[in-house]
Amino acid sequence: MRVRRVTVTACVCLLVAAGGTTAQEGAAPSPLHGLALTPPMGWNSWNKFGCDVSDQLIREVADAMVANGMRDAGYEYVVIDDCWQVDRDAAGNIVVDPERFPSGMQALADYVHARGLKFGVYSDAGTATCQGRPGSRGYEYQDARQYAAWGVDYLKYDWCNTGTQDAPASYGLMRQALEQAGRPIVFSLCEWGRNKPWLWGEGIGHLWRTTGDIQDCFDCRRDWGGYGWTQILDLQDGLETYAGPGHWNDPDMLEVGNGGMTVSEYRAHFSLWAMLAAPLMAGNDVRAMAGEIREILLNAEVIAVDQDALGRQARRVRDDGDLEVWARELADGSRAVALLNRGSAPASIAVAWPEIGYPAHVEAGVRDLWLHRDLPRATGRYSATVPPHDVVMVRIAP
Ligand code: GLA
């Protein structure tokens, strides 16, 4: 009898240590646990289409993601951002725009799922979305149940029109509503970094925006708070310790292919987002992509860095004005290194092994992740000439 009791106790301890719950505790395991163990990848309508979203667009995008190889490269979630919702009915149910989404959300989710993709929607923690559509405040449980019934797999939850609301409490409430709805839904907090979500977001959401909205430019700043991607990059420096499997810093969606930057600038943007273990949410018209844009978004070696199982976000290990080195450790002990030239002339950028945590005497293999080529082995340091507004990205393995 005594021996038996000890065994049962040991089993309970093991289950709890593994993050599970026990029958004795009576609680079902959370449907939101174990999601986003690597940064979510997919597509979101906002950056390119704004409010011009429709059933037809989403279906065409899903088809394109299958045909152009994005799905097989790891892009999984097809997310409709703001403007799909127009009202609430007398019972408080959210009403989908009947003109733009005539077959309703469930049919659209089914269509996306049938293509091996997952389906996402957007709402807002306040009374209205950023475009003035109905928000979820006061309807959290009802909305979460609706999303689960439709087959939603991803919720982006914005922060407009929240007045004096408390951010952790508001996002925590929707987290609880999603838990009770019972469907595994990736929960994306879009609070723009206002209340330092990296300090409280883990356990509430799977990712949290760290800044205002990205713009399709290298280094611009908008009066209302929009940022070019290098400005967003600067704001990620120091946040690296908060990211890891299931809880990611989100420097916002990709602008790659939207027309405002050069191919080099897009290559650098994509490389640095992969270095940051950022969610890779394409934001362009994937139905009509130029070959050079496709080559960026589908670079399997760069995607592998983003999706590395260790989940370690890069640090800026060297900052020489316009010339920077970012590095991250990967699960196999190798390092991904990005040499970034923010200046307007070609420049030589070097990384020394001690800066990436290796002894200086070590010899290492160097692979160029854009040329898809092994370079000569190097000892102590690696340097390259980097074109203006461009990057050299390598994997260094002793
Ligand atoms: C905010 C978000 C954006 C987008 C828009 C939609 O600005 O930060 O990513 O969702 O709202 O209105």
Side-chain angles (χ1 to χ4, degrees), residues 38-44 47-48 61 64-77 117 214 216 218 229-230 232-233 248 251-314 324-332 334-341 349 351 365-375 382 384 386-387 389-397:
T38 61
M41 293 176 65
W43 177 88
N44 173 298
N47 283 355
K48 173 70 183 176
V61 162
M65 287 170 71
V66 175
N68 67 20
M70 285 182 76
R71 179 194 63 187
D72 293 343
Y75 294 89
E76 188 178 17
Y77 294 95
L117 294 161
I214 194 168
D216 185 16
F218 186 76
W229 75 260
T230 55
I232 290 185
L233 179 70
W248 308 102
D252 207 354
M253 304 170 294
L254 296 164
E255 289 285 6
V256 175
N258 276 337
M261 288 187 257
T262 64
V263 172
S264 321
E265 290 171 339
Y266 284 137
R267 180 169 43 239
H269 168 30
F270 191 71
S271 301
L272 269 297
W273 261 227
M275 292 299 295
L276 292 172
L280 296 180
M281 301 299 285
N284 59 321
D285 188 348
V286 296
R287 300 169 304 175
M289 268 197 289
E292 56 208 12
I293 297 302
R294 190 176 173 278
E295 267 173 41
I296 294 173
L297 288 175
L298 275 83
N299 183 327
E301 296 192 71
V302 173
I303 291 173
V305 170
D306 181 76
Q307 295 289 301
D308 182 74
L310 190 60
R312 186 83 44 96
Q313 176 176 326
E324 298 180 1
V325 179
W326 292 75
R328 64 180 279 192
E329 185 183 352
L330 302 174
D332 65 358
S334 67
R335 306 289 193 262
V337 176
L339 311 176
L340 172 65
N341 181 359
I349 306 180
V351 58
V366 183
R367 181 165 177 85
D368 189 309
L369 306 186
W370 284 107
L371 298 177
H372 304 294
R373 220 173 40 217
D374 289 334
L375 304 176
Y382 167 73
V386 186
H389 287 200
D390 206 342
V391 76
V392 166
M393 187 167 167
V394 292
R395 194 160 176 156
I396 297 176

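We count residues from 1, following the sequence as given. Scope of the values below: all heavy atoms of this structure, side chains included, with no hydrogens, waters or symmetry mates. What you are looking at is a predicted structure, and each value in this text was computed from that prediction instead of being measured.
Glu301 CD to His372 NE2: the interatomic distance, rounded to the nearest 0.5 Å, is 5.5 Å. Here the CG-CZ distance, from Leu297 to Arg267, works out to 12.5 Å after rounding to the nearest 0.5 Å. Atom CG of Leu233 is separated from atom CG of Leu340 by 6.5 Å, given to the nearest 0.5 angstrom.
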Stepwise side chain to side chain donor-acceptor pair (under 3.5 Å) test for Trp370 and Ser271:
CA-CA 9 Å; Trp370 284 107; Ser271 301; 2.9 Å; yes

Taking it one step at a time, do Val302 and Ile296 satisfy side chain to side chain contact (heavy atoms under 4.5 Å, CB included)?
CA-CA 9 Å; Val302 173; Ile296 294 173; over 6 Å; no

Between Tyr266 and Asp216, does the side chain to side chain donor-acceptor pair (under 3.5 Å) criterion hold? Intermediate values first, please.
CA-CA 9 Å; Tyr266 284 137; Asp216 185 16; 2.7 Å; yes

Give the C-alpha distance, both sets of side-chain angles, the deciding distance and a yes or no for side chain to side chain contact (heavy atoms under 4.5 Å, CB included) between Ile303 and Phe270.
CA-CA 9 Å; Ile303 291 173; Phe270 191 71; 4.0 Å; yes

Stepwise side chain to side chain contact (heavy atoms under 4.5 Å, CB included) test for Gln307 and Met41
CA-CA 9 Å; Gln307 295 289 301; Met41 293 176 65; 3.4 Å; yes

Between Ile293 and Val256, is a side chain to side chain contact (heavy atoms under 4.5 Å, CB included) present by the stated rule, with each step listed?
CA-CA 7 Å; Ile293 297 302; Val256 175; 4.0 Å; yes

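By the 4.0 Å N-to-carboxylate-O rule, Arg395 lies too far from Asp374 to be salt-bridged with it.
In this structure, Val305 and Ala274 approach most closely via the heavy-atom pair CG1-O, 4.0 Å. For the residue pair Val386 and Leu339, the shortest heavy atom distance occurs at CG1-O, 3.8 Å. In terms of heavy-atom proximity, Ala268 sits nearest to His389 at CB-O, 4.3 Å. Glu255 and Ile214 make their closest contact through OE2-O, 3.4 Å (heavy atoms, listed as atom of the first residue, atom of the second, distance). Across every non-hydrogen atom of Pro251 and Trp273, the tightest pair is O-CZ2, 3.4 Å. Scanning both residues, Met261 and His269, for their nearest heavy atoms gives CE-CD2, 4.5 Å.
Checked against a 6.0 Å centroid threshold, the rings of Trp229 and Phe218 count as neighbours.
You'll find the side chain of Asn258 reaches within 4.5 Å of the side chain of Asn284, heavy atoms only. A heavy-atom distance below 4.5 Å is found between the side chains of Leu310 and Glu329.
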N/O donor to acceptor pairs below 3.5 angstrom from side-chain atoms of residues 276-283, sequence neighbours left out:
none

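Taking the salt bridge (charged side-chain N to carboxylate O under 4.0 Å, His left out) definition, one finds that Glu295 meets it with nothing, sequence neighbours left out.
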